Student: 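The following block contains the structure, expressed as C-alpha cells.
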There are 2 protein chains.
Amino acid sequence: MSEPHTSTELATEKLREAILSGELLPGDRLHQDRLAEMLGISRTPLRAALTTLAQTGLVSYESNRGFYVREFSIADVSGAFQVRAELEAMACRLAAANMTDTARKLLNDLVAEGDRLLEPGALLPENLGAYRRMNVNFHTAVMDLAGNPWIRTFVQSLHNVPAASDRVIMWRDFRVIERSHDDHHRIARALAKGQGERAAAIMREHITFALEHLDLQLKLYPQDFLRMPSPDKPAKGRKASRSKRSSE
Amino acid sequence: MSEPHTSTELATEKLREAILSGELLPGDRLHQDRLAEMLGISRTPLRAALTTLAQTGLVSYESNRGFYVREFSIADVSGAFQVRAELEAMACRLAAANMTDTARKLLNDLVAEGDRLLEPGALLPENLGAYRRMNVNFHTAVMDLAGNPWIRTFVQSLHNVPAASDRVIMWRDFRVIERSHDDHHRIARALAKGQGERAAAIMREHITFALEHLDLQLKLYPQDFLRMPSPDKPAKGRKASRSKRSSE
DNA sequence: AATCGGATAAATGTGTTCATTTCTTTTGCA
DNA sequence: TGCAAAAGAAATGAACACATTTATCCGATT
C-alpha cells in the first residue's frame, strides 16, 4: 500500500464511487448502521466519511435527520460546466504568462500522448482509460501553470457533480473526440506562444461544447448519464421509497 | 432556540471563528484531547467539526498525524481575490439576463441602505456591522440572480480564506468606502439596464481594487491582517507549544 | 370519521474505552 | 561522543455503549 489508507478514507472512496457510479441513487437515505454493516466498519468512521462527502457536496445532511444522496438539478449540471469553462479559461490567461520550456514540453508530451492513442482512427476500448487520464492531466497541467491554487480546487470539486465529471462522459462519436483533441493542440500552441486570450477562448468553447454535447447525449440516452429520481421510472435497483423496504 | 444546534455544529462555528479571528494561529497543531476539553465536549463531535473544517479548507489533516490550522500563502490570498473577481464578474453577466422588477428593487434597496449608512460622511463604528451585512447581501444578491449555484458556493468558500474575507477587511479610508459603494450603484444601474458586460467590468475592478487595497494595507499594518507563524514572535494568546518545543 | 395526543420504536448524536500508530526518550553500542 | 535502535509515552483511529431526538403507531377525544 503506497498510502496507509484508514477506514474513514477507504469508506469515503467507496461511497464516492458508489454515488458517482449510480449505485446509490439521488435522494436515497443513507442509514448509518446499515451502511456500516455493509462496509464492514463501525459507525464512527462511516460518519466521518459521510461528513466529508457532505462538505464535498455529494451528500446532503440535516441535523438529527441523517444523510441523503444529494440530488442534482439540471441547473447544477449545466452550471458546473459554465463555471468550469470560465475558470479554465481564466487558467489559460494566467498560464500564458508563466510558460517555460519545461511547461511547453509538458503540454506537448500530453498532446502527443493523445495523438498516439487516437492514431488507430478510433478510440479503442483498451485505450479509453489512458485517454481519459491524458485528458485530465492536460487540463490539470494548464490549471497548475496558472499558479492560482483555487482554480484547480474548484474545478476538482466540480468533477464531483455526477454528469459533469469527465469520468462519466462517454464520447460515442469519434469525430467529437478528434475535434476535442484538436482543441488541446490549439490550446497548447496558443499557450506556447503566450497567446493567453486565444487559449482562453478555445478552452471556453472546448468546455461549452462538452456541455452541449452532453445535453444532446442526455436527450438520446438519458439513462446512461443521469439517474434522476423519476417518479414513474425507477431506473434499477433500490428505490427511495419512504415505506418499508422488503429487502436489505 | 430557533435552530437545534448540535454540539458538532457549535464546535465547528467556534473553531471557524477562532481561526478567522486569529485566535488560533496558522500552523498550530489542533490536539483533540485539549480542544475537546476546552470546548467542553467529547472528541467525537470535535473530530466531526475538524473534518468539516478540513474539507472547507480552514484546517489541514494528515492520517494519524492530526489536524493543523492551515497556513495560507500570499498566493492563496491574492488568488482568492482573482477568482472572486472572475466569478462575480461572471455572475453579473448572467444576472443581467435575469433582471426582473423585484430584482431591480432588491438591488436598489440594498444600495439605498448603503447610502443611508454612509450619509453621516463617515462610517460610524455602530454602523460598521450593518454596512458589512449590506455589502455581503449585495454581492450575494447578484450571485443569486445569476442562477448558477456554484458561483455562490465557491465565493462563499473563498470567504474562509483569512485575509480575503469581507469580515477582516478594514477600510481605514472613508473615500475608499465611498468609491466602493459607488461601484455598487453603478453595478445595480448597469444590471437594471441589462448591461451585463459593463456590470461585469465594474465588478471585476471592484474586487481587484479590494485586493490592491489590501495589499497596501498589508504593507502598512501587517499585524492587523495576516498573522503568519513568525518564528521569533509567538504573537499572543494561548500556547502553541505544549511543553518544550525548542525549534520548528 | 378525522385529528390530535401520547407511547413505543428506530435512528441519530455523543461519551467512553480500547487498539494502533506516531513521537519522544532512553539505552546500548561503535 | 555520536548515532541507532528499542522501549515508553502520547496522540490518533475505531469500536462500543449510552443519551437524545425523531419517526411511527395506536388510541382517545371532539
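Reminder, nothing fancy here: chain letters follow the sequence lines and each chain counts from 1. These values consider heavy atoms only, across backbone and side chains, with no hydrogens, waters or symmetry-generated copies. From a predicted model like this one, the values you see are computed outputs, not experimental measurements.
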Student: What is the separation between atom CG on B:Leu46 and atom C1' on D:dT12, rounded to the nearest whole Å?
Tutor: 12 Å
Student: In whole Å, I'd like the distance from the CG atom of A:Leu30 to the P atom of C:dG13.
Tutor: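 Atom CG in A:Leu30 sits about 12 Å away from atom P in C:dG13.
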Student: Can you check nucleotides 18-21 of chain C for protein contacts, nitrogen or oxygen pairs under 3.5 Å, and list what you find?
Tutor:
none

Student: Hey, could you give me each pair passing salt bridge (charged side-chain N to carboxylate O under 4.0 Å, His left out) that has a residue in residues 138-155 of chain A? Not counting sequence neighbours.
Tutor: A:Asp144-A:Arg152
Student: List the residues meeting side-chain hydrogen bond (donor to acceptor under 3.5 Å, both in side chains) with A:Asp109, not counting sequence neighbours, and say none if there are none.
Tutor: A:Lys105
Student: In whole Å, I'd like the distance from the CZ atom of A:Arg65 to the C1' atom of D:dT24.
Tutor: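 Between C1' of D:dT24 and CZ of A:Arg65: 14 Å.
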Student: Can you name the residues that form a side-chain hydrogen bond (donor to acceptor under 3.5 Å, both in side chains) with B:Gln82, not counting sequence neighbours?
Tutor: A:Asn148
Student: Among B:Leu53, B:Leu35, B:Leu46, whose side-chain contact (heavy atoms from CB on, under 4.5 Å) with B:Leu30 holds?
Tutor: B:Leu35
Student: Give me each pair satisfying salt bridge (charged side-chain N to carboxylate O under 4.0 Å, His left out) with a member in residues 47-59 of chain B, each pair once, sequence neighbours excluded.
Tutor: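 Matches after skipping sequence neighbours: none remain.
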Student: How close or far is atom C1' of C:dG13 from atom CD of A:Glu62, stated in whole angstroms?
Tutor: 15 Å
Student: Using C1' atoms of five pairs at each end, report the bend of the helix from C:dA1-D:dT30 to C:dA30-D:dT1 rounded to 10 degrees.
Tutor: 10°
Student: Considering only side-chain heavy atoms of A:Thr44, which listed nucleotide, C:dT12, D:dT12, D:dA15, is closest?
Tutor: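 Between C:dT12, D:dT12, D:dA15, the one nearest the side chain of A:Thr44 would be D:dA15.
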Student: Counting only side-chain N and O atoms of B:Tyr61, is one of them less than 4.0 Å from OP1 or OP2 of D:dG13?
Tutor: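 Checking B:Tyr61 against D:dG13: at least one side-chain N or O falls below 4.0 Å of OP1 or OP2.
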Student: Return the value, rounded to whole Å, for the distance between atom CG of B:Asp33 and atom P of D:dA9.
Tutor: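 Rounding to the nearest Å, CG of B:Asp33 and P of D:dA9 are 17 Å apart.
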Student: In whole angstrom, give the distance that lies between atom CZ of A:Arg34 and atom C1' of C:dT12.
Tutor: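 So the two atoms are 13 Å apart, to the nearest Å.
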Student: Could you tell me whether the side chains of B:Thr140 and B:Asn137 share a donor-acceptor contact shorter than 3.5 Å?
Tutor: no
Student: Would you say B:Gln32 reaches D:dA10's phosphate, i.e. side-chain N/O to OP1/OP2 under 4.0 Å?
Tutor: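 False: B:Gln32 side-chain N/O out of range (4.0 Å or more) of D:dA10 OP1/OP2.
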Student: What is the distance, to the nearest angstrom, from the CG atom on B:Leu50 to the P atom on D:dT12?
Tutor: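 Whole-Å distance recorded here is 9 Å.
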Student: Excluding sequence neighbours, so at least two apart, what forms ring pair (Phe, Tyr, Trp, His ring centres under 6.0 Å) with A:Phe138?
Tutor: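 Ring pair (Phe, Tyr, Trp, His ring centres under 6.0 Å) check on A:Phe138 returns A:His184.
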Student: Are OP1 or OP2 of D:dT12 and a side-chain N or O of B:Arg29 less than 4.0 angstrom apart?
Tutor: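 Yes, such a contact exists.
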Student: Going by side-chain hydrogen bond (donor to acceptor under 3.5 Å, both in side chains), name the residues that satisfy it together with B:Lys14, two or more places apart in sequence or in a different chain.
Tutor: none
Student: Sequence neighbours left out, what passes side-chain hydrogen bond (donor to acceptor under 3.5 Å, both in side chains) with A:Glu13? Give chain and number order.
Tutor: A:Arg16
Student: Specify the separation, in whole Å, of atom CD1 of B:Ile41 and atom C1' of C:dT16.
Tutor: 14 Å
Student: What about A:Ser7: does its side chain form a donor-acceptor pair under 3.5 Å with the base of D:dG13?
Tutor: no
